[in-house]
Amino acid sequence: MMDKVQAPVAAGELVLSLRGISKHFGAVSALTEIDLDVQAGEVVALVGDNGAGKSTLIKILAGVHQASAGTMTFRGQTVTLADPSASLALGIATVFQDLALCENLDVVANIFLGKELHPLQLDEVAMEMRAWTLLRELSARIPSVRQPVNALSGGQRQTVAIARSLLLEPKLILLDEPTAALGVAQTAEVLDLIERVRDRGLGVVMISHNMEDVRAVADRIVVLRLGRNNGVFYPDASNQELVSAITGASDNAVSRRSGRRRAQTAPAQEAQP
Amino acid sequence: MSGDKEGPAPLLDRADERVTHETGIGGAIRAFFDRVRSGELGALPVVVGLAIIWTVFQSLNSVFLSSNNLVNLLFDSSTVGIISLGIVCILMVGEIDLSVGSVSGFASAVVGVLWVNEGLPVWLAIIAAVAAGGLIGSLYALLFNRFGMPSFVSTLSGLLAVLGLQLYILGQSGSINLPYGSAMVNFGQSLFMPHVVAYAIAALAGILAFVTGYRTATRRQAAGLSSQSLNKLLFRAIIVVVVLEALAIYLNQDRGVPWMFGLFVGLVVALNYALTRTTWGRWVTAVGGNREAARRAGINVRLIYSSAFILCSMLAALGGVLASARLASASQQAGTGDVNLDAIAAAVIGGTSLFGGRGSAYSALLGIIVIQSIASGLTLLDLSSSLRYMITGGVLAIAVIVDSLARRSRVSHGRA
Ligand SMILES: Nc1ncnc2c1ncn2[C@@H]1O[C@H](COP(=O)(O)OP(=O)(O)OP(=O)(O)O)[C@@H](O)[C@H]1O
Ligand SMILES: [Mg+2]
């Protein structure tokens, strides 16, 4: 059974398929009957308002939470993820919204946490080399990889978390707001990286509140609203469509705001000769 | 990436121009002061504290620093020191074991009963005692992992329960004398390294420090990473050899270096290796720093907690066995009184954090020497134990204050 899961991914193969996933936290239904498909070589963007359940869905895929109902199929096999190591063993790598780094350990130790080289005599030189290579691919601005993570800025920490997810050639990468804290150059680098990873045939799920970033890299945009599926869009969908799917109404704060702006700028343009 | 600068390509880890790097021995000294100022104190506070304590007691009583008294000090440090090593393990994962004193007393009782009363071979009795310690530790691990019982509570009840067990198996007599002249009692009282062996070990430590340092340096150089210069490595190795040889010469003027202390230091070095150079140690540090992050990295967090609880109790039991060898008896008093708090205080005074994720095996060695120095100095001055408790308590408070201030300084200097 494991053979198929470990084999290299074929282009267009259905990597991940969720059917009817629900998750309750006591009386709160964070997710209700979620369906989601991710193919190899595809970037799926997961969008939705604050509290829509995006992070909860990612955590279920990472084995941090267990779904209350529904089935999960990974590369054709029905799987249950009892804990994070089960998810990692399948080849699912995750960058969490709260990053989940050990602040007392240095950058190298964090990148290799759980995957150290040479258990009985840690190979620090090889690990440091690999860490620098990964960080360079991300154009990371990290002065020293021997600093504890506590001493890094928010964006630097995010880069470390992303570098960690790339370490072991995963089959599926889950990124929960990977660019939220990044600078201009680093955001571009991460978007490039997402495209490179996709071109290598991996499946990518990305959460972002930045519609520009989403449109730039996503092949499909899946909208969640109040814990339910609320439509699938393609990057050519208009902003209006996306926003109303996210907020659930055509009359919403975002469209009212842009309507006001148009009304303000239009007379100003008429006044010009 | 590179190529935007003239001259040779910078080393892989020295490419960022914002970080200053010190070179040479003068630079190393400057970097050391920088680290201290930013709160990365390491063993400095405890070494300074030790220097003050030794100066004060030596000026009050010139016997204090005599070879004879130091040899006794090493004997007394070894037993509680080994217990304190276990405390380092459990503090590293951010938990605590308050029952190490009782476990050590129980272990000495097990040896007394099995060896003297039941006539089993002594090695079998020792193995049984340490295994009993491991069993107690796995019980704590079970309570912690399955029922979420805080270690503070489970080990506090363990303190009472295991003490009861100790009194029970000792029975009516309440005390068992271990035979003088037996190998075990000799080990605890009068077995010393031959002088040559002590000198050889001291030299070997320096050579080993140099060889491993040199091998790392050449590997890092080959990989294009910054590495320590040969001079610095030699300088460090020579300092190690000179200090250790001087110590050995001084102790050899009296009876020499106790084998029991040799065992303690051996265990310290082994635990230091395990904590810093193996995956287990890395995971222990990770769990102590951020348990949820460790779990999400796929680490079996429960297994790590279990290993820490079991190792702590086993080391406590071993310390208890050695304490009974030192006293040539297993009694109801063994492991009671200040053993518990001395062991915990030693680890904290030595610099292991009470909050998990930060510490070193060497803190047990340095901390216990501080505590035993105070005890020995006050005994020489013929002062009662009331004063000793007060002073040890004060030193512990100072150690925790230093740790907290250093932590604050680390945060503001970006080294937290
Ligand atoms: N551990 C938990 N216990 C109880 N409720 C939770 C827990 N985690 C999430 N929730 C609830 O589930 C809902 C969805 O949360 P989730 O973190 O998935 O939102 P999100 O879509 O990631 O939002 P954001 O864009 O703000 O990150 C929220 O109402 C939240 O309160
Ligand atoms: Mg979220």
Side-chain angles (χ1 to χ4, degrees), chain A residues 59 62-64 83-89 93-94 96 98-106 108-133 135-137 139-153 161 164 168, chain B residues 1-2 11-21 38 40 92 94 215-227 273-274 276-283 285-302 353 355-359 410-411 413-416:
Chain A
K59 283 182 185 164
V64 174
D83 55 26
S85 55
S87 172
L88 289 166
T94 312
F96 294 98
D98 56 4
L99 303 183
L101 299 170
C102 282
E103 311 224 315
N104 57 333
L105 292 178
D106 66 23
V108 178
N110 265 291
I111 289 180
F112 278 86
L113 193 58
K115 306 152 200 146
E116 287 83 358
L117 304 180
H118 298 208
L120 290 181
Q121 189 181 3
L122 294 180
D123 191 346
E124 296 288 353
V125 178
M127 291 200 285
E128 190 168 334
M129 288 283 292
R130 184 91 176 87
W132 278 116
T133 320
L135 291 170
R136 280 197 162 184
E137 276 177 31
S139 293
R141 290 237 140 262
I142 289 181
S144 161
V145 289
R146 288 300 174 190
Q147 254 178 328
V149 163
N150 243 343
L152 300 183
S153 77
R164 175 157 91 178
L168 277 195
Chain B
M1 281 297 306
S2 56
L11 292 170
L12 201 49
D13 54 344
R14 291 288 157 91
D16 197 307
E17 66 275 13
R18 288 169 300 175
V19 191
T20 46
H21 299 283
S38 63
E40 201 69 50
M92 280 298 281
R215 272 183 41 201
T216 314
T218 44
R219 280 205 60 202
R220 288 181 67 89
Q221 222 159 21
L225 297 166
S226 63
S227 52
Y273 180 88
T276 56
R277 308 277 293 134
T278 71
T279 301
W280 173 79
R282 187 58 50 86
W283 292 3
T285 317
V287 168
N290 186 341
R291 176 188 176 158
E292 180 60 19
R295 187 175 86 92
R296 290 190 193 173
I299 293 172
N300 188 339
V301 174
R302 289 182 170 179
S353 171
F355 307 103
R358 190 173 264 278
R410 280 198 301 272
V411 170
H413 285 81
R415 283 180 189 263

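Letters go in sequence order (proteins before strands), and every chain restarts at 1. These numbers were taken from a predicted model, which means no experiment stands behind them.
For B:Arg219, the salt bridge (Lys or Arg N to Asp or Glu O under 4.0 Å) test picks out A:Asp123, with sequence neighbours left out. Every residue meeting the side-chain contact (heavy atoms from CB on, under 4.5 Å) condition with B:Gln221, not counting sequence neighbours, appears here in chain and number order: B:Ser227.
In terms of non-hydrogen atom pairs under 4.5 Å with chain B, the most contact-rich of A:Arg164, A:Glu128, A:Lys115 is A:Glu128. Of the listed residues (B:Gly298, B:Gly288, B:Ala293), the greatest number of heavy-atom pairs within a distance under 4.5 Å of chain A belongs to B:Ala293. Of the listed residues (A:Pro119, A:Ser87, A:Ala131), the one with the most heavy-atom contacts under 4.5 Å to chain B is A:Pro119. Annotation: maximal heavy-atom pairing with chain B below 4.5 Å, among A:Val125, A:Val145, A:Leu88, occurs at A:Val125.
Atom CD in B:Glu292 sits 10.5 Å away from atom SG in A:Cys102 (nearest 0.5 Å). Rounding to the nearest 0.5 Å places CG of A:Leu122 at 7.5 Å from OH of B:Tyr273.
Judged by distance alone, with hydrogens and angles left aside, the side-chain atoms of B:Asn290 form a donor-acceptor pair with the main-chain N or O of A:Leu101 at under 3.5 Å. At least one donor-acceptor pair closer than 3.5 Å links the side chain of B:Arg295 to the backbone N or O of A:Val64.
Side-chain contact check for A:Glu116 versus B:Thr279: some heavy-atom pair is nearer than 4.5 Å. Side-chain contact between A:Leu113 and B:Trp283: present, with at least one pair of heavy atoms (C-beta onward) separated by less than 4.5 Å. A heavy-atom distance below 4.5 Å is not found between the side chains of A:Glu124 and B:Arg220.
Using a 4.5 Å cut-off between heavy atoms, A:Asp98 contacts chain B through its side chain alone, with no backbone atom that close. In this structure, no portion of A:Phe112 lies under 4.5 Å from any heavy atom of chain B. Neither the backbone nor the side chain of A:Ala62 has a heavy atom closer than 4.5 Å to any heavy atom of chain B.
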(message) Before you tell me yes or no, could you show the steps for B:Arg296 and A:Thr94 under side chain to side chain contact (heavy atoms under 4.5 Å, CB included), namely the whole-Å CA-CA distance, both residues' side-chain angles and the distance that decides it to 0.1 Å?
(response) CA-CA 9 Å; B:Arg296 290 190 193 173; A:Thr94 312; over 6 Å; no
